[in-house]
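Reviewing the structure listed below.
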Amino acid sequence: MKYLLLGASALILTACNSASISPSKRSDPSSLAAPSHAYSQADYDYLAISDPEKMSAASKRALARNYHKNEEWFGEFRHETLFGDFAFDEDVSRRDPSKVLKINGVFYTWYTRTTGETKGFGTGDPDAKVFPWDHAEIWYATSKDGYHWQEKGRAVGPGQAGQFDDRSVFTPEILAHKGTYYLVYQAIKAPYLNRTKNTVAMAYSSSPEGPWRKLDAPILTASDTGEWAGTQDNHFLVKSQGDFDSHKVHDPTLLFYRNKFYLYYKGERMGERKTAGGREIRWGVAIADNPQGPYIKSDFNPITHSGHELCVWQYQDGIAIVSSHDGPEKQTIQFAPDGINFEIMAYLPTVPSAMGLVESLDKNAHPTAGLEWGLYHEYVIPAGKTWMSGGNQIKRFSFQSQYYKSSRNSDELTHNESN
Ligand code: AAL
């Protein structure tokens, strides 16, 4: 694996060097050729390149991006509905499930829970629910088999009027570290407008059942850069966009890695534009010596130029991610030997939304072992409704690797068929 990764960085350097040529040369595809000594005859053979002196742009790209490597990272997601309180309920929206922790033989997850109809912005009612995650609380549920779930109650709710989290708390993630449970989640202070900037908050407890003690202040805020244009509540109108996370800091995911606390998150930018991959969405990381912070944003942010809800796990000495719906590198698995510098390892046909991984899996068994199964959410949109006014449901995914056939997966399929 190390050899492959070193090989990948060498190829990327080669690609960078060729990208620094003058713009006039750039229009000539042959000027983008990587020096042939960077590749072996086996590389050319694998990619059906018969003459390395005459490579199309696509062949050069295939070499530079390792299209002939990393088969062990490839696979496909499958989806299953769940039972008990995670069966679809049109009156209750459950979404953005956290990691699944196994504690004394019982699975636990935390998630965003709301009721009531989403009305959207501009209704004239400052209390109207503007998004499916507005006026939300964080609840938790348990399961003995990972299929039948029982909702246990509220873990964390919004704060008192005037506090930074008085409007909504949602999209939780969990970290168990040295006997303490840390919940990280998004918080909104009223009023909830298009231009509202959210924060990331933390609560901790010595038990997964709570009680949870909130920190007094957010652990992460949107960057204080960028400038709105005018006073209309329109987040596309800006004088300057600012940093990648100048508007929103979303989907916090906390890992204990290399003896520090890595808080990965999604940033959204004021005046969001489109890229070749659609929405302008990127991820960053903020690092702390102690679980409660202070969290310092990495100078290398943004660390992705794609993705949506986070899916992050430690594999061997590095960090693996699944980049979901947005950006030119959507639907990829990526790996960073240092948790910062990610390279694409595989391109996936589909990716579930808001995946919560199972912490107790043996993630080092192989590259995608950490994805063996987990939870995610789906929109359920009845006729006449939209993604905003429809419902949300937590479901279960499994990942089918062609390379590593797992007997567990066939058990799951049998289980599914028998239900
Ligand atoms: C999700 C996540 C965050 C956003 C919202 C709820 O897809 O990215 O959690 O704030 O949508």
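Residues: numbered from 1 along the sequence shown. As the structure lists them, so they are numbered: ligands from 1, and atoms in each ligand from 1.
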Write out all pairs satisfying ring pair (Phe, Tyr, Trp, His ring centres under 6.0 Å) with one or both partners inside residues 272-294, taking only residues at least two apart or from two chains.
-> none
Kindly determine whether Q334 and T332 satisfy side-chain hydrogen bond (donor to acceptor under 3.5 Å, both in side chains), including the steps that lead there.
-> CA-CA 6 Å; Q334 306 193 13; T332 57; 3.0 Å; yes
Quick one: list whatever passes ring pair (Phe, Tyr, Trp, His ring centres under 6.0 Å) with Y347, sequence neighbours left out.
-> Y67
Taking atom types as modelled and ignoring hydrogens, do the side chains of R95 and Q393 form a donor-acceptor contact shorter than 3.5 angstrom?
-> no
Protein neighbours of ligand 1 with a heavy atom under 4.0 Å, given by chain and number, are R95, D96, W133, F170, T171, Q186, H250, D251, K266, H308, E309
Are the aromatic rings of F107 and W373 close, with centres under 6.0 Å apart?
-> yes
With F74, which residues qualify under ring pair (Phe, Tyr, Trp, His ring centres under 6.0 Å), at least two apart?
-> none
